[in-house]
Every structure is written in C-alpha cells, then in structure tokens.
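Here the structure is laid out as structure tokens; the discussion comes afterwards.
Every number for a ligand or one of its atoms is a count from 1 in the order of the listing. Not measured: the values here are computed from a predicted model. The analysis underlying the following values was restricted to heavy atoms, covering all of them including side chains, and did not include hydrogens, waters or symmetry mates.
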Amino acid sequence: MNAIAYLDHNATTPPRPAVSQAVTAALTLGGNASAVHRLGRLARRKLEEARERVANLVGGAARVVFTGGGTEANNLAMRGCHRALAIVSAVEHLSVLDAVPAPVTVGVDGTGVVDLGDLENRLAAAERPAMVSIMLANNETGVIQPVAEAARLAHARGALIHCDAVQAGGKLALDFTGLGVDYLTLSAHKMGGPQGVGALIMGADAPLEPILRGGGQERGARSGTENVAGITGFGLAARIAGEEIGHFDEIRILRDGLERDLVAMAPEAKIIGAETRRLPNTSCISLAGLEAETQVMALDLENVCIGSGAA
Ligand code: PLP
C-alpha cells in the first residue's frame, strides 16, 4: 500500500482521536447550556471548562466568546468593535478583508512582513477612530507579523487592534497580554479540534456589539445555543496543543530538510518568507512557470497517512 502524506494542515488539521471521542461523548450527553436542570448544568460545566482551556492556550484572557469558527470571530471583531474605519494588512484572510466595507490596507515588504512605517502613516492620516487588524501568521507563507509593535502604534493613536491568530494557534506559544491586542481570533480545526468552532478572545475593555442577536448567549456577545460538543472538542484540542507545542521543533527540522532537498533538485525554486520568521510547519515554494495548484490527484483516502502537523 502506498501511504500518502497529508500536507494540508493549514487548510484543516484532522481532529485528534481524543478530541473525536470527547465530541462524541458530549454530543451523546446532550443538554442545553442555558438550561437550569442537571443536564443543562453539565453542559454548562463542559462549556466553561473549554473556555478556561482556550484562555490558557493564550496565556489567560479576560473574555473568550465562542463562535462558529474563525471567519465568524473575525467578522464579529471587525464589525462589532464600534470603529468607523478599518486599517488592515494587505495579506489578511478574506474573513477580515471582506468583513467591513472599504478597509484601508497596509502594505507588506518583499518578505511578506507588514510595513510598520506604512501602518504608522495610515494611523496618522485616519480622520476617524480606527480598528487595526494584523494577522499573527499568514496562512499561505507562514510569515509571522510584528503584532506587538503594531499594537503599540495602534494604541498610541487611540485605535483598537485585532489579531487573527487562526494559523498560529497551537503552533506558536501565544501570549494575549504580551501581544497587547484588544481582540484575537482562534479556530478549533487548525489545531486538531472540530470544524465550525472558533473563539474571539477579548481584553477587559474591548467594546463589542453583537452581530447575532436573540437569546443573549455568550453573555450577550453571540446569541444562539452553544455548540457544546464542538466547544468541548475545541477545549481539549487547545489543551493538548498547548502541551505538545514543542513537537513543532521536530516539524521545523523536517520542513527545513524538505526545502533544502527541493532547492538542491531545483535551484531556481524560491522559498517565500525564508529570510524572516515563519510558522514551523509551513512551506511556500514558487517555481517559475508552474501554476500554484499544479497537481490534482484522485486520492484513495484510506491510504492517506495523516502526519501530525507537517506543512
Ligand atoms: N483566518 C485565517 C488566517 C485562516 O487561515 C482561516 C482559514 O483558513 C480563517 C481565518 C477562517 O477560519 P475558519 O475556517 O474557522 O472559518
């Protein structure tokens, strides 16, 4: 049998077996976390345990609002922050770029790193209170952005700042307070949790106007019966990812070896972002004359060998 390595973890990483089990158990248990009877209280306990685990993954945070994924959390931050102007990096995920009309974009340099001078100029030129959004790590190149510096610049001009940490979550040690941002987005399925679950992490003073209204769940920040099973899986995935973060040192060695061998075979290959800090699992390679999505294969999924965190 030919094993095929799964190398698309930035698109989604397969749920960890322990997570699948925890999701199934929570689903079987049932219970609405807003209900006051025993089953409801059990569901609430699972929810709050997951909230604590997700907060721990980012070194502690004032508030964790569970959402239906990273896209929703990005939209919630950008639209719910009460700021009339958005200033975002040009390399943000579409769920940031398209969340609000006509954002001002900040350029990146040749290595894909946000131009802080350009950010400073855009902040100085802003005529209305702004919301800045700079991702922590790019989904295609893995390039890590100077978010803490951007946060200092934003706050010096009275702006709020959001960080999309969907790709960094579970791969880099995160420190919400150290980054100095007001909002931070995580997505469960990028760290071995279930798809369709995410979180908006918020500082104590960060304003938030809900975009989903109704039952007032998540302390009014996001109405709708919580996905207790999915959130339970997210919490467990966050806990395991935090415990196993050192594993990415090995992944980095494998990635670097792969890139070295590739460049030896094809010296014209360009590794995007190689000169700067990148996620340890990500490799973005450009080869002149080749389309980005060159290879389309019919996969026999039974033969796919799932690595745990390779690029
Ligand atoms: N932000 C980044 C950087 C992403 O890579 C993705 C997904 O690929 C998202 C946001 C959206 O997250 P979700 O798939 O949970 O909606």
Proximal protein residues to ligand 1, non-hydrogen atoms under 4.0 angstrom: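 The answer is Gly69, Gly70, Thr71, Asn74, His93, Ser95, Met135, Asn139, Asp164, Val166, Gln167, Ser187, His189, Lys190, counting any residue whose heavy atom sits under 4.0 Å from ligand 1.
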Under 4.5 Å side-chain linkage, directly or through intermediates, the cluster mates of Leu212: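 Via sub-4.5 Å side-chain contacts, Leu212 links to none.
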Sequence neighbours excluded, every pair satisfying side-chain hydrogen bond (donor to acceptor under 3.5 Å, both in side chains) that has a member inside residues 126-135: Ser133-His162
Counting N and O atoms only, with roles assigned by atom type, does the side chain of [X] sit under 3.5 Å from a partner on the main chain of [Y], one being a donor and the other an acceptor?
{"X": "Tyr6", "Y": "Asp8", "value": "yes"}
{"X": "Arg255", "Y": "Thr282", "value": "yes"}
{"X": "Glu218", "Y": "Phe66", "value": "yes"}

Partners passing salt bridge (charged side-chain N to carboxylate O under 4.0 Å, His left out) against Glu52 (at least two apart in sequence or in another chain): none
